[in-house]
There are 2 protein chains.
Amino acid sequence: MSSHSKKSQAGRFDSLEQEVYLNLWRTYDRLRSIEEEVFGPMGITSQQYNVLRLLAVHHPEPVPTLTIANRMISRAPDITRMLDKLEASSLIQRVRPSENRRMVLISITAGGLSLLGEIAEPLRQCHSKQLGHLNKKDLALLVGLLRDARKPHEQEKNTWS
Amino acid sequence: MSSHSKKSQAGRFDSLEQEVYLNLWRTYDRLRSIEEEVFGPMGITSQQYNVLRLLAVHHPEPVPTLTIANRMISRAPDITRMLDKLEASSLIQRVRPSENRRMVLISITAGGLSLLGEIAEPLRQCHSKQLGHLNKKDLALLVGLLRDARKPHEQEKNTWS
DNA sequence: TCAATATAGTTGTGCAAACAACTCTTGTCC
DNA sequence: GGACAAGAGTTGTTTGCACAACTATATTGA
């Protein structure tokens, strides 16, 4: 049996909804700090990692800049400068196609793919450290509840159904 | 009955742990953007709101700077400048007691209390918009799972058991 | 065909977060 | 009782995030 404490410590929160939100915030903050121990030494942020990951999935097809922005896990209004940094580190390439010069197509470089390879194992260990103490049933339950929680706040056709 | 989809879309994630973490991140990001619609127009951030809230709970007793930092929901290495801003807006006061001049004691002002009063109702509505679509059972379940998820990553004696 | 509109990114600016190095004060222990 | 360490904040600096205004390119429809 899973063993989540049932006590809600009434009084410390204005409402159950607020209690959920603050717990979500706190939990995200704790787990994020663990992930940063992996990304920091590699010289990238988790946002940047997610760009590289997305590009690797589509590789060798390039992906337009704003398509990347829309598929990010957290909002990325600053996608241009983020890609600037990745390009400066030679992890991605930009191409402006002559048939539609509005777009900028992004693709991951060999260096980018290599970096992903280096990160894979430490990152797997990190995820295990973050949440390995929960059993599969609770993990699956959590995924479902989180999805339900944000469902009304998702835009149209995003990748995060 | 609650109706969380059971499909985990295998293949999009490296592990169930990673899937949980990315869902946590995404969900936090969506809900946060809703909260910012409340705090933005009031001229404070949600971190600053939490400082004021904490001080209000202890009012009229003051609270030392680093005690505030340790009780924040997300880490606050920049507590000094955050308090600078709140002091500049006359929402808090600082006192350095002569019997121990290492500490700086912080207390909320009448203006700070008044701001909390103005925010209370819009914030309640915000929390309802964020999570009001979930039933009480799912909300309670979520609180428990989130607490379990971060439990091994909490320090000693913090307020976020 | 050309002005209006829509699309795709970029840049300017200001604010917030992170980490480390620093100052000031008090407690401790030969 | 004076060096040393610990405690409590502050400041410097760099980097990241957010919003809005802007440029450049393509489409469309009178």
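Every chain is numbered from 1, with letters handed out A, B, ... down the list of sequences.
For the segment residues 88-95 of chain B, no residue has any heavy atom less than 4.0 angstrom from an atom of DNA chain C.
Taking the charged nitrogens against the carboxylate oxygens, A:Arg147 and B:Glu19 do have a contact shorter than 4.0 Å, which makes a salt bridge. Comment: A:Asp29 does not engage A:Arg26 in a salt bridge, judged by the lack of any side-chain N to carboxylate O separation of less than 4.0 angstrom.
Taking atom CD1 on B:Ile73 and atom C1' on C:dA17, their separation rounds to 17 Å, with Å as the unit. Between A:Arg102 atom CZ and C:dG9 atom P the separation is 9 Å, expressed in whole Å. Rounded to an integer number of Å, the gap from B:Leu66 CG to C:dC24 P is 18 Å. For A:Gln47 and C:dA17, the CD to P distance is 16 Å, given to the nearest whole Å. Protein atom CE of B:Met72 is 11 Å distant from nucleotide atom P of C:dA18, rounded to whole Å. Atom CE of B:Met103 and atom P of C:dT23 are 23 Å apart (whole Å). Atom CD of A:Glu99 is separated from atom P of C:dA8 by 14 Å (rounded to the nearest Å). Rounded to whole angstrom, the span from the CZ atom of B:Arg75 across to the C1' atom of C:dA17 amounts to 9 Å.
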Problem set entry | Criterion side-chain hydrogen bond (donor to acceptor under 3.5 Å, both in side chains) on A:His127 and A:Glu35, from CA distance to verdict | CA-CA 8 Å; A:His127 287 138; A:Glu35 257 213 344; 3.1 Å; yes
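Residue pairs that meet the side-chain hydrogen bond (donor to acceptor under 3.5 Å, both in side chains) test with at least one member in residues 107-122 of chain A, sequence neighbours left out, are A:Glu121-A:Arg124, A:Glu121-A:Gln125. Pairs passing the salt bridge (Lys or Arg N to Asp or Glu O under 4.0 Å) check and including a residue from residues 101-116 of chain B, sequence neighbours excluded, do not occur. The side-chain hydrogen bond (donor to acceptor under 3.5 Å, both in side chains) contacts involving residues 82-94 of chain A comprise A:Asp84-A:Arg94, A:Glu87-A:Arg94, where partners must be two or more places apart or lie in separate chains.
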Under 3.5 Å, N/O pairs linking protein and nucleotides 11-15 of chain C:
residue : atom : partner : partner atom : Å
C:dG12  : N7   : A:Arg81 : NH1          : 3.2
C:dG12  : O6   : A:Arg81 : NH2          : 2.5
C:dT13  : O4   : A:Arg81 : NH1          : 3.4

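Residues B:Glu17 and A:Ser128 have side chains that never bring a donor and an acceptor to within less than 3.5 angstrom of each other.
When all heavy atoms are compared, the tightest approach of B:Leu139 to A:Val20 is O-CG2, 3.5 Å. Nearest heavy-atom pair, B:Ala76 versus B:Gln47, reported as atom, atom and distance to 0.1 Å: CB-NE2, 4.4 Å.
When DNA chain D is scanned in the 5' to 3' direction for atoms under 4.0 Å from non-hydrogen atoms of chain A, the outermost contacting nucleotides are D:dG16 to D:dA26.
Between the side chain of B:Arg71 and the main chain of B:Leu66, no donor-acceptor pair closer than 3.5 Å is present.
Annotation: side chain of B:Gln48 is in contact with side chain of B:Met82 (closest heavy-atom distance under 4.5 Å).
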